[in-house]
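First listed ligand is number 1; within each ligand, the first listed atom is number 1. When reading the values below, keep in mind they use all heavy atoms of this one structure, side chains included, and skip hydrogens, waters and symmetry mates.
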Amino acid sequence: MKKIIVTGGAGFIGSNFVRYVVKNYPEVHVTVLDKLTYAGNRANLAELPENRVKLIVGDITDTNLVDSLVKNTDAVVHYAAESHNDNSLKDPLPFVQTNLIGTYTLIEACRKYDVRFHHVSTDEVYGDLPLREDLPGEGVGEKFTDKTPYNPSSPYSSTKAGSDLLVRAWVRSFGLRATISNCSNNYGPYQHIEKFIPRQITNILSDIRPKLYGEGKNVRDWIHTNDHSSGVWRILTKGRIGETYLIGANGEKDNKTVVELILELMGEDKSGYDHVDDRAGHDLRYAIDSTKLREELGWIPQFTDFREGLQATIKWYQENRAWWEADKTLVEEIYVKSGQ
Ligand code: NAD
Ligand code: DAU
């Protein structure tokens with residue numbers, strides 16, 4: 001695999017994958033196809049060598065552009081998406097356009113030129129699980145596997161579920177050489193400040209109190225984005241065609257615990273946050289069983305110390321104020337309008 005296209009490669013997770021490939025696989029050239037929406041940022045790719053990474057600013061729903069790029073590549077790794085649940089509750093249409101029509105456009109081109117396709121998806125396609133405290137006995141509880149039935153809750157997760165199903169159908173009906181990964185919540189540097197962890201860090205850095213939805217009991221299964229990237233590369237290069245692999249690093253934590261840890265690591269009083277309106281349809285708990293990826297493909301996450309990863313992430317936002325500061329006022333204005 002010498003030439004790959006990474007869609008959404010100027011976003012949070014896509015740009016981490018591009019850096020991972022550039023660092024570890026010198027023989028691979030990356031073309032990033034990214035529309036540079038509010039969530040995409042050229043700066044996420046700064047300092048990468050021009051002979052290794054080329055940025056094409058364009059839309060994955062643009063059939064002619066996608067066709068011209070896909071016919072000259074060995075593989076497409078598809079990250080581009082509208083990715084934020086809260087935005088999807090306010091305006092679902094861009095989610096339908098990018099996540100469904102965009103994925104359709106890419107897999108049609110890959111089918112035409114018999115190009116390997118990897119689809120980056122989310123654990124949210126499975127809906128949510130009960131909180132451990134609501135389960136009988138010791139409450140070990142079930143986790144998501146690739147056999148869990150789809151049951152998405154939000155416009156975002158339903159469009160991601162729909163895009164997964166398109167890929168599955170293209171594999172079966174047209175022999176598309178594709179794999180799918182469903183990963184849990186990522187954290188790390190370069191994450192847009194609308195998302196939970198960077199919102200709270202940049203709130204504290206802006207003298208705004210952190211905001212917790214509802215009681216903060218909802219659980220997310222945190223994984224460092226570096227581990228997501230190594231998982232996707234492993235699946236792209238070693239995964240069985242037609243298979244779905246779940247990526248997770250046993251990082252379950254409730255939101256209250258996370259916000260308190262951020263406050264503590266930033267030298268603030270642990271109680272210094274506000275409870276705000278809950279998200280409509282808010283999923284309770286996500287938890288990934290990644291046994292298939294670990295046992296079949298030998299993947300092992302490396303960045304599993306959450307406290308250490310969070311400390312490094314806080315340091316990154318402290319040292320890179322120019323990266324996020326210009327967006328802060330607008331992001332908070334949008335939240336305040338919805339009581340959050
Ligand atoms: P992000 O919002 O930070 O980045 C998305 C990128 O896609 C941006 O660079 C944006 O400009 C680009 N994009 C959006 N619409 C486009 C279009 N029509 N054409 C071309 N480019 C377009 O998102 P992220 O958090 O990095 O997520 C990346 C992918 O990973 C998504 O598919 C998401 O569903 C999936 N995922 C995210 C998480 C997470 O925790 N953030 C977890 C699992 C899976
Ligand atoms: O599980 C994977 C998914 O994780 C990805 O598919 C999505 O693209 C990604 O955005 C993320 O979705 P979440 O909705 O879980 O992430 P978010 O950062 O928006 O919220 C995490 C949790 O924190 C969620 O329970 C809502 C809560 N929250 C969020 C914000 C922004 C708060 O309590 N306060 C906040 O200010």
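- Heavy atoms of G9 come nearer than 4.0 angstrom to ligand 1 in no pair at all.
- If you look at K160 next to ligand 1, the close heavy atoms, those under 4.0 Å, all belong to the side chain.
- No donor-acceptor contact under 3.5 angstrom links the side chains of D227 and W299, judged on distance only.
- No continuous path of ILVMFWY side-chain contacts below 4.5 Å connects V258 to Y286, so the two sit in separate hydrophobic clusters.
- Each of D221, N250, D123 was compared with K143 under the side-chain contact (heavy atoms from CB on, under 4.5 Å) criterion, and only N250 meets it.
- Atom numbering of ligand 2 starts at 1 in the shown order; those under 4.0 Å from a heavy atom of H84 are 19 (O).
- Residue-level proximity to ligand 2 for K160 is absent, since no heavy atom of it falls below 4.0 angstrom.
- L236 and L297 fall within a single hydrophobic cluster, where Ile, Leu, Val, Met, Phe, Trp and Tyr side chains are chained together by heavy-atom contacts under 4.5 Å.
- Here the heavy atom of the protein found nearest to atom 5 (C) of ligand 2 is Y156 OH, 3.6 Å.
- Between R285 and D128 no salt bridge is recorded (no basic side-chain N to carboxylate O distance below 4.0 Å).
- Ligand 2 has a nitrogen or oxygen under 3.5 angstrom from a nitrogen or oxygen of Y213.
- For K2 and D74, the salt-bridge test fails: no basic side-chain N is under 4.0 Å from an acidic carboxylate O.
- Closest to atom 40 (O) of ligand 1, if we only count protein heavy atoms, is N186 N, 2.9 Å.
- Atom 9 (O) of ligand 1 has its nearest heavy-atom neighbour, among D221, L33, L106, D34, in D34.
- Taking 4.0 Å as the cut-off between side-chain N and carboxylate O, E319 and K315 count as a salt-bridged pair.
- Closest to atom 34 (N) of ligand 2 among all protein heavy atoms lies K211 O, 2.9 Å.
- Here the heavy atom of the protein found nearest to atom 10 (O) of ligand 2 is K195 CE, 3.1 Å.
- Taking any N or O of F196, backbone or side chain, at least one lies under 3.5 Å from an N or O belonging to ligand 2.
- Closest protein heavy atom to atom 11 (C) of ligand 2: N185 ND2, 3.4 Å.
- At under 3.5 Å, not a single nitrogen or oxygen of E82, backbone or side chain, sits near a nitrogen or oxygen of ligand 1.
- For atom 9 (C) of ligand 2, the closest non-hydrogen atom of the protein is S83 O, 4.0 Å.
- Between H282 and ligand 2 there is a heavy-atom distance shorter than 4.0 Å.
- Not a single heavy atom of G102 sits closer than 4.0 Å to an atom of ligand 1.
- In terms of protein heavy-atom proximity, atom 37 (C) of ligand 1 is closest to I13 CD1, 3.3 Å.
- With 3.5 Å as the limit, one finds no donor-acceptor pair spanning the side chains of H119 and T179.
- The shortest contact between atom 21 (N) of ligand 1 and any protein heavy atom is with K35 N, 3.0 Å.
- When hydrogens are left out, the protein atom nearest atom 35 (C) of ligand 1 is V120 CG1, 4.1 Å; that is the closest non-hydrogen contact.
- Some N or O of R199 is nearer than 3.5 Å to an N or O of ligand 2, by distance alone.
- Scanning all protein heavy atoms for the shortest distance to atom 4 (O) of ligand 1 gives G11 CA, 3.5 Å.
- When the heavy-atom distances from atom 33 (C) of ligand 1 to W222, F12, F17, Y156 are ranked, the shortest goes to Y156.
- Every heavy atom of T7 sits 4.0 Å or more from the atoms of ligand 1.
- The nearest heavy-atom contact from the protein to atom 28 (C) of ligand 1 is Y79 O, 3.5 Å.
- For ligand 2, the atoms sitting less than 4.0 Å from at least one non-hydrogen atom of L212 are 33 (O), numbered in the order shown with element in parentheses.
- For the atom pair E142 CD and Y126 OH, the distance stands at 12.0 Å (nearest 0.5 Å).
- Under the 4.0 Å criterion applied to side-chain N and carboxylate O atoms, E332 and R199 are assigned as salt-bridge partners.
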Decide salt bridge (charged side-chain N to carboxylate O under 4.0 Å, His left out) for K256 and E260; before the verdict, give the C-alpha distance in whole Å, the side-chain angles of both, and the deciding distance to 0.1 Å. CA-CA 6 Å; K256 182 168 176 288; E260 288 178 353; 3.1 Å; yes

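- Checked by atom type, the side-chain pair D164/S121 shows a donor-acceptor distance below 3.5 Å.
- Close contacts of ligand 2 with T122, meaning ligand atoms under 4.0 Å from a residue heavy atom, involve 1 (O), 2 (C), 3 (C), 5 (C), 6 (O).
- In this structure, I334 and K90 approach most closely via the heavy-atom pair CG2-NZ, 3.9 Å.
- Under 4.0 angstrom from ligand 2, the non-hydrogen atoms of N85 all belong to its side chain.
- The protein heavy atom nearest to atom 44 (C) of ligand 1 is S121 O, 3.1 Å.
- Of the protein's non-hydrogen atoms, N255 ND2, 3.5 Å is the one closest to atom 27 (C) of ligand 2.
- Backbone and side-chain nitrogen or oxygen atoms of R279 are examined, and one is located within less than 3.5 angstrom of a nitrogen or oxygen of ligand 2.
- Counting heavy atoms from C-beta on, the side chains of K71 and K112 never come closer than 4.5 Å.
- Between Y273 and H275, the ring-plane angle classifies as perpendicular under the 30° and 60° cut-offs.
- K211 and D274 are joined by a salt bridge, as a carboxylate oxygen and a charged side-chain nitrogen come within less than 4.0 angstrom of each other.
- If you look at E124 next to ligand 2, the close heavy atoms, those under 4.0 Å, all belong to the side chain.
- Of all heavy-atom pairs spanning A39 and H192, the tightest one is CA-CD2, 4.1 Å.
- Only the backbone of L36 comes within contact range of ligand 1, with a heavy atom under 4.0 Å; no side-chain atom does.
- Where the criterion is an N or O separation shorter than 3.5 Å, residue side chain and backbone included, Y286 fails it with respect to ligand 2.
- Put simply, part of Q200 is less than 4.0 Å from ligand 2, judged by heavy atoms.
- Here's the thing with E194: none of its N/O atoms is less than 3.5 angstrom from an N/O atom of ligand 2.
- In this structure, Y190 and W316 have tilted ring planes: the angle between them lies in the 30° to 60° band.
- Among all non-hydrogen protein atoms, the one lying nearest atom 42 (C) of ligand 1 is S184 O, 3.3 Å.
- Relative orientation of the W222 and Y187 rings is perpendicular, given thresholds of 30° and 60° on the angle between their planes.
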Go through the steps for E50 and K54 under the test salt bridge (charged side-chain N to carboxylate O under 4.0 Å, His left out), then give the verdict. CA-CA 6 Å; E50 279 178 22; K54 181 173 182 190; over 6 Å; no

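- From the protein, the heavy atom lying nearest to atom 1 (O) of ligand 2 is D123 OD1, 2.6 Å.
- In this pair, W233 and F17 present their aromatic rings tilted. The plane angle is within the 30 to 60° band.
- Using a 4.0 Å cut-off between a side-chain N of Lys or Arg and a carboxylate O of Asp or Glu, K328 and E325 do not qualify as a salt bridge.
- No part of P94 comes within 4.0 Å of ligand 1, judged by heavy-atom distances.
- Considering backbone and side-chain N/O atoms, S83 comes within less than 3.5 Å of an N/O atom of ligand 1.
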